[in-house]
Engineer: 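So that we are looking at the same thing, I have put the structure below in structure tokens.
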Amino acid sequence: MLKTLLATAAILAVPAMAAAQTVGFAQIGSESGWRAAETTLTRQQAEERGIDLRFSDAQQRQENQIAAIRSFIAQGVDAILLAPVVATGWDSVLEEAKDAEIPVVLLDRRVDSSEDLYLTAVGSDLEHEGEVAGQWLVDEVAGEDCRVVELQGTTGSSPAILRKSGFEKAIEGHDNIEIVRSQTGDFTRSRGKQVMESFLQAENGGAEICALYAHNDDMAVGAIQAIKEAGLNPGEDILVVSIDAVPDIFKAMAEGDANATVELTPNMAGPAFDALAAYWKDGTQPAKFIQTESKLYTAADDPMAEYEARKDLGY
Ligand code: GZL
């Protein structure tokens, strides 16, 4: 009798397996290699944690992300991940998530909404990335005159705004460096190539262009193709500096076609799920910003080894 009672007590004492948490992920799209890797790693991180991940690809359209968030709210998910395509226009839908008591975690990009509308934001210091890229160019040209063309990211996105301001901060006071043309390439290879072609055409075939600063590697890779088709040597005639550290930029570096990149980790979901686990467990409030590292890589850093280290990460 006692044995039965003890056995029964033991069974009752075992906490029921926690039901799998369900998380909705309102992803921007698949505009770049980096974005594809972020999606891949988010799925992997969710699987490792037994999280049921519901995924939405917004094709870089804010209205699609807002619709996805409303759908996740209606499904009663336990949390929402949002990589906001642009920085404005989120207050209303974030209020709806808050009213439904569903925590929202921002991944990668930022919003101009009040901090009380999201649990935390995981991302890099976007302005610092621009400063690192700008400082590399300042050091590289060492006082020589340098006319720069700039491929901006998606208009209105926090990376486009902050990577621009960061680069400008770094070159401030260095009158030998001037941004002579600047236009969005929307973070894609195809647009990066098209806009670079227009820069080359407008700049006497590129003879007076000293450097390209691209807000991401994918636009830089597209621009490299345009520079080659114009009969110039990317990485030599026109220096190439960009951001993300995707595998193909390291391949370009190894071939002498690119010079420097600033790394952006695609694993933002790991820290996000860790913060959510603590919040679900006992309501722990994380810091409002969980910063990821930004590291400079140049052609001196064994680019093919860096390529090999990244090529299977889902870029
Ligand atoms: C930056 C991120 C950018 C990447 C691009 O934080 O939002 O979006 O640099 C991606 O590759 O398209």
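Both ligands and their constituent atoms are indexed starting at 1 by order of listing. Quick note: numbers below take in every heavy atom, side chains included, and nothing from hydrogens, waters or symmetry partners.
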Engineer: Among all protein heavy atoms, pick out the one at the shortest distance from atom 12 (O) of ligand 1; state its residue, atom name and that distance to 0.1 Å.
Structural biologist: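 The closest one turns out to be Glu31 OE2, 2.5 Å.
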Engineer: Out of all atoms in ligand 1, which are within 4.0 Å of some heavy atom of Asn216? Include the element for each.
Structural biologist: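 By the 4.0 Å cutoff, the relevant atoms are 5 (C), 9 (O), 11 (O).
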Engineer: Quick one: closest heavy-atom pair of Ser157 and Arg109, and the distance?
Structural biologist: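 Closest heavy-atom pair between Ser157 and Arg109: CB-NH1, 3.6 Å.
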Engineer: Using 30° and 60° as the class boundaries, would you call the ring planes of Tyr297 and Phe250 parallel, tilted or perpendicular?
Structural biologist: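 Answer is perpendicular, since the angle exceeds 60°.
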Engineer: Using distance alone, determine whether Asp244 and ligand 1 share an N or O pair under 3.5 Å.
Structural biologist: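 Asp244 vs ligand 1: N/O contact under 3.5 Å present.
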Engineer: Taking the side chain from Asp186 and the backbone from Thr188, do they hold a donor-acceptor pair closer than 3.5 Å?
Structural biologist: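 Checking the backbone N and O of Thr188 against the side chain of Asp186, no donor-acceptor pair under 3.5 Å is found.
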Engineer: Mark up the atoms of ligand 1 that fall under 4.0 Å of a heavy atom belonging to Leu126, in ascending order.
Structural biologist: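 This gives 6 (O) as the contact atoms.
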Engineer: Name the residue from Gln225, Lys228, Glu255, Met196 that meets the side-chain contact (heavy atoms from CB on, under 4.5 Å) definition with Pro234.
Structural biologist: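 Among Gln225, Lys228, Glu255, Met196, the one that satisfies the side-chain contact (heavy atoms from CB on, under 4.5 Å) with Pro234 is Lys228.
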Engineer: Just let me know how Asp218 lines up against ligand 1, side chain, backbone, both or neither, with a heavy-atom cut-off below 4.0 Å.
Structural biologist: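 It is neither part, as no heavy atom is under 4.0 Å.
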Engineer: For Pro159, counting its heavy atoms only, list the atoms of ligand 1 lying under 4.0 Å from any of them.
Structural biologist: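 Ligand 1 atoms under the 4.0 Å threshold to Pro159: 1 (C), 7 (O).
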Engineer: State, to 0.1 Å, how close Ala83 and Gln27 come at their nearest heavy-atom pair, and which atoms those are.
Structural biologist: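 Shortest heavy-atom separation between Ala83 and Gln27 comes out as CB-OE1, 3.5 Å.
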Engineer: Out of the candidates Val77, Thr42, Leu81, only one should pair with Val23 under the side-chain contact (heavy atoms from CB on, under 4.5 Å) rule; please name it.
Structural biologist: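 Exactly one candidate clears the test, Leu81.
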Engineer: Is there a donor-acceptor contact under 3.5 Å from the side chain of Trp90 to the main chain of Ile66?
Structural biologist: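 Flag not set: sc Trp90 to bb Ile66 has no pair under 3.5 Å.
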Engineer: Under 4.0 Å from any heavy atom of Leu264, which atoms of ligand 1 are there?
Structural biologist: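 Counting atoms of ligand 1 from 1, those under 4.0 Å from Leu264 are 1 (C), 6 (O).
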Engineer: Is the cationic atom of Arg310 (NZ for Lys, CZ for Arg) positioned less than 6.0 Å from the six-membered ring centroid of Tyr315 and within 45 degrees of its normal?
Structural biologist: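 Relative to the ring axis of Tyr315, which defines the angle, Arg310 lies outside at least one limit.
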Engineer: Run the numbers for me: atoms of ligand 1, each under 4.0 Å from some heavy atom of Arg109, listed by number.
Structural biologist: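 Counting atoms of ligand 1 from 1, those under 4.0 Å from Arg109 are 2 (C), 3 (C), 7 (O), 8 (O), 10 (C), 12 (O).
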Engineer: Can you name the nearest heavy-atom pair linking Glu203 to Glu208, along with the distance?
Structural biologist: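 That closest heavy-atom pairing would be O-OE1, 3.9 Å.
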Engineer: Would you check whether Asp108 has a nitrogen or oxygen atom less than 3.5 angstrom from a nitrogen or oxygen atom of ligand 1?
Structural biologist: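 N/O-N/O distance under 3.5 Å: yes.
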Engineer: Taking only heavy atoms of Trp34 into account, list the atoms of ligand 1 that are under 4.0 Å away from them.
Structural biologist: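 Matching atoms, with element in brackets: 11 (O).
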Engineer: Hey, which atoms in ligand 1 end up nearer than 4.0 Å to a heavy atom of Ser32?
Structural biologist: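 Listed by number with element, the hits are 5 (C), 10 (C), 11 (O), 12 (O).
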Engineer: Taking non-hydrogen atoms only, is Glu38 closer than 4.0 angstrom to ligand 1 via side chain, backbone, both or neither?
Structural biologist: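 None of Glu38 does.
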Engineer: Just to be sure I read this right, does ligand 1 sit under 4.0 Å from the backbone of Asp217, its side chain, both, or neither, counting only heavy atoms?
Structural biologist: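 Neither; no heavy atom under 4.0 Å.
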